[in-house]
Every structure is written in C-alpha cells, then in structure tokens.
Number of protein chains: 2
Amino acid sequence: MSTVQEPARTSRTPRAAQIVAAARELLEEQGWGEVTMRALADRLGIRAPSLYKHFRNKEAVAAALVEVALAEMGAALHGAVGGASGADRVPALLAAYRRHALAHPGLYRLATTGRLPREALPEGLEEWAGRPFSLAAGDPHLAQALWSYAHGMVVLELDRRYPGDSDLDRTWQAGARAFAARVPAPEAAGGA
Amino acid sequence: MSTVQEPARTSRTPRAAQIVAAARELLEEQGWGEVTMRALADRLGIRAPSLYKHFRNKEAVAAALVEVALAEMGAALHGAVGGASGADRVPALLAAYRRHALAHPGLYRLATTGRLPREALPEGLEEWAGRPFSLAAGDPHLAQALWSYAHGMVVLELDRRYPGDSDLDRTWQAGARAFAARVPAPEAAGGA
DNA sequence: ACGAGTGGCTAACGGCGTTAGCTACGAGGA
DNA sequence: TCCTCGTAGCTAACGCCGTTAGCCACTCGT
C-alpha cells in the first residue's frame with residue numbers, strides 16, 4: 001500500500017546492538033542527561049573506554065538511537081495512515097504520532113531535538129518516516145505545517161508546558177479539525 | 001488595549017545585570033553549549049567562582065535569560081495582535097512570532113526547550129507572554145493548538161529539519177489559513 | 001577607628017568525553 | 001603445533017565542566 005518500502009537498517013555487530021539496546025533503556029529510564037559513557041558501560045559490565053571499540057564516540061551512539069527512533073515512528077505512522085482514508089487520515093495520523101511519542105519520550109526527544117545526524121542515517125529513512133504526513137495532508141506545504149503542529153504539541157506536552165488543567169485531547173482535536181478542513185479532495189485518478 | 005499590564009521584571013544588581021547581558025551575548029554568538037561559567041567569567045574579566053557571588057548556580061543564570069526571553073517575546077506578540085483585528089490577528093501573530101524567534105534563536109531555544117524554571121520567574125509572566133495566542137484564536141483550545149504550531153515551525157526551522165528546498169513562507173501561510181478559518185466570529189459585545 | 005559586608009581570588013573535587021597504550025584470547029595459516 | 005594478528009577488554013591520564021572552601025582587599029556606616 002505504501003509507495004516505497006522501508007529503507008534498510010544499518011547493520012551492527014551483536015555487541016554494538018547490545019550497546020544500543022542498553023543505551024535505549026538508560027535513555028528511557030533516566031533521560032539523555034544520564035546516558036554517560038560510564039553509566040552505559042556499567043550496565044554492560046565493562047569500562048567506558050571499551051565502548052570506543054564499537055562506536056567512534058558518543059555522538060555515534062546517539063545517531064544509532066535516532067535511527068531506531070525514526071524507523072519505529074515511521075512504522076507507526078505508516079500503519080496509521082494505511083488504516084484510514086480521506087480526511088480521516090489526519091486525526092488517525094495525529095493520534096498515532098502522539099501515542100507513539102509519549103510512549104517513547106526519550107527516543108522522541110533525542111531524535112527531534114537539535115540537528116539531525118543525517119550523514120550517519122540510512123539513505124531515505126528520514127524521508128520515509130515523514131511521508132505519512134504528505135499522504136494525510138495531500139499537499140506538501142500543508143504536510144509540513146501538520147508535522148510542525150504535531151511536533152509542537154508533543155514536545156510542549158513532554159516538557160509540561162501547558163497549564164496543568166489543560167484538556168489536551170480537545171486541543172489535539174482543535175488542531176486536527178483545522179488541518180483536516182484544508183485537505184484537498186482526492187482526485188479520482190486510478191493508480192498506475 | 002491589553003487586558004493586563006506586563007508583570008514587573010526581577011530586579012538585579014548592576015553586576016548581576018552585566019552578567020546576564022554577557023551571558024546573552026555568548027548565548028547568541030556561540031550557543032548554549034558554549035555558555036560555560038568559565039567562558040562567561042572570561043568575558044567579564046573575572047574568574048568563574050566569582051560568578052557565584054551573584055547567582056546561586058548556572059541554572060539561575062539560565063532562568064534570568066528565560067525571563068528576558070519571555071518578556072521580549074511577550075512584548076513582540078502583544079504588539080502584533082494589538083495592531084490587527086479579527087482573523088487578521090492570526091497571521092500577524094504568527095509573523096511576529098517567527099520573526100522574533102529567528103532574530104534571537106539562542107534565547108528562544110533556551111526559553112522553550114526542557115522544563116520551564118517556573119519558580120524562578122515573576123508571577124504571571126508566562127501567562128502574559130502567551131495571552132496573545134488566546135486573543136488571536138478566540139478559544140482556549142485553538143489558542144494552545146496555534147501556539148504549538150508556531151513553536152513546532154520555529155524549532156524545526158532553527159534545527160534545519162525541513163528539506164533545503166522548502167518554501168517555508170508558504171508553509172507558514174498554509175498553517176495560518178488553517179487556523180484562521182477556525183477562529184470564531186467575534187461577538188458584538190462592548191467592552192466594560 | 002573599626003567591624004561587617006561585598007566581590008574578587010586560588011586551589012581543589014568529582015564527573016564528563018576521550019585517548020594512549022597495554023594485554024588476554026581466539027581463529028587461521030605455516 | 002606454533003605464530004600471527006585482529007578483537008575486545010583493561011588502567012591511567014588529559015582537559016574540560018560545574019561547584020565549593022577558604023582567603024583577602026576594599027568600602028562604608030557607626
């Protein structure tokens with residue numbers, strides 16, 4: 001149903017995969033600030049300098065986590081837009097985006113804060129992960145706006161920026177309606 | 001024209017004000033990662049430990065900068081909504097938000113990333129700075145959604161997340177139209 | 001004249017990412 | 001069977017970070 005298949009993931013040695021998994025646990029349990037090379041090594045029963053046998057530096061570990069984050073978020077979003085049609089795709093996409101991000105806040109923040117380590121990511125992964133927004137919005141500018149809205153909502157929710165008595169379900173709804181109303185009617189063109 | 005006056009700013013000794021000013025320069029020139037206590041002290045011709053005579057710790061310096069950021073952004077936004085009416089307030093507000101944030105990216109990022117140091121901020125400042133969104137949207141949920149959209153756009157633009165060939169003016173427009181169309185018609189109630 | 005507060009200073013601590021250099025082990029070829 | 005070589009661990013150490021302790025000079029009010 002999707003236009004293009006998910007790009008291949010970077011291949012890792014078993015030990016490197018273990019390191020990424022441990023880093024992910026640490027990230028979700030304690031936050032990125034507590035993911036230090038020493039703490040990460042501790043969890044694996046080794047010493048910090050040994051990590052450098054498997055990753056060039058801490059940034060490379062972060063890039064591996066960003067890859068995981070993009071791949072999993074992309075899968076969630078593709079699933080959501082694949083299961084809906086027409087203007088229903090906007091609320092379905094937003095609900096999946098919110099649910100997935102809040103379920104993996106550490107990974108989400110790491111992957112969306114600061115510059116993307118594009119040179120360390122598989123070709124096409126970023127584009128693939130974002131395509132559901134184009135599919136749901138039907139227009140490239142509306143798609144970018146919709147993505148920005150979703151990201152803003154999630155990040156402000158994660159950072160507890162809204163007043164404590166906010167009804168965020170209704171806020172998400174308000175935005176969803178605003179965007180859904182601008183989705184162009186699908187042309188009745190048959191696929192190739 | 002505004003409902004309530006801008007809250008008073010925290011009073012600072014002359015030296016503390018100098019420190020905040022120097023921190024701001026460093027922040028905008030080099031980014032928060034380069035604002036270290038030693039670099040900050042250097043710029044003032046003193047040693048790092050002397051800074052602790054004026055601020056309890058680095059977090060307190062950050063909080064002072066966040067206060068500046070909120071006050072200046074609030075002023076810009078109040079000015080923008082004050083100069084427009086009806087649904088025109090949405091694009092006016094968004095334009096001012098974008099312009100101000102991109103003109104002070106370090107301050108913007110510092111004030112909007114991670115948790116807000118609310119206990120260190122003047123009472124009412126956060127609410128005052130955000131009120132223009134309520135004024136423009138006319139509905140609390142739409143206001144939150146609009147703010148989230150603006151923040152998402154700015155932060156993704158600052159982080160260069162959009163493809164290099166994006167026409168962001170048009171993306172901002174697409175979002176502005178989506179939200180403006182949902183602003184309820186103003187009731188013809190006279191002011192008190 | 002003097003005591004107290006103010007705002008500098010140096011030395012130092014523990015934690016961070018990272019590098020250099022050593023070593024134990026296991027697989028492959030002579 | 002031994003030798004070599006790559007792999008993956010180790011300790012020690014460096015320079016940076018935020019921060020604290022403790023000292024001292026200067027200024028000002030009484």
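Order of the sequence lines fixes the chain letters, A, B, ..., with proteins taken first and strands second; residue numbering starts at 1 for each chain.
- For DNA chain D, the contact window with chain A, defined by any atom under 4.0 Å from a protein heavy atom, covers D:dA8 to D:dA13 in 5' to 3' order.
- Applying the side-chain hydrogen bond (donor to acceptor under 3.5 Å, both in side chains) rule to pairs touching residues 111-121 of chain A yields A:R118-A:E126, sequence neighbours excluded.
- Every residue two or more places apart in sequence or in another chain that forms a side chain to side chain contact (heavy atoms under 4.5 Å, CB included) with A:A76 is listed here: A:H100.
- Rounded to an integer number of Å, the gap from CZ of A:R38 to C1' of C:dG14 is 10 Å.
- A:A39 is linked by a side chain to side chain contact (heavy atoms under 4.5 Å, CB included) to A:L26, A:T36, counting only residues two or more places apart in sequence or in another chain.
- Residues B:L77 and B:P132 approach most closely at CB-CG, 3.6 Å, considering heavy atoms.
- Applying the salt bridge (Lys or Arg N to Asp or Glu O under 4.0 Å) test to A:E6 and every residue at least two apart in sequence or in another chain returns nothing.
- Residue pairs satisfying the salt bridge (charged side-chain N to carboxylate O under 4.0 Å, His left out) criterion with at least one member in residues 17-43 of chain A, sequence neighbours excluded, are listed as follows: A:R24-A:E72, A:E25-A:R43, A:E29-A:R43.
- B:Q18 is linked by a side chain to side chain contact (heavy atoms under 4.5 Å, CB included) to B:R15, B:L44, counting only residues two or more places apart in sequence or in another chain.
- Between B:R15 atom CZ and C:dG8 atom C1' the separation is 9 Å, expressed in whole Å.
- Taking a 4.0 Å limit (strictly below) on heavy-atom distances, residues 21-35 of chain A does not reach DNA chain D anywhere.
- The salt bridge (Lys or Arg N to Asp or Glu O under 4.0 Å) search around B:D159 returns B:R109, not counting sequence neighbours.
- DNA chain D lies under 4.0 Å from at least one heavy atom of each of the following residues of residues 47-67 of chain A: A:R47, A:P49, A:S50, A:K53, A:H54.
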Please tabulate, for side-chain N and O atoms in residues 174-186 of chain A, each donor-acceptor pair with protein atoms closer than 3.5 Å (sequence neighbours left out).
none

Review item, side-chain donor-acceptor pairs of residues 86-97 of chain B, under 3.5 Å, at least two apart:
residue	atom	partner	partner atom	Å
B:R89	NH2	B:L135	O	3.3
B:Y97	OH	B:Y108	OH	2.6

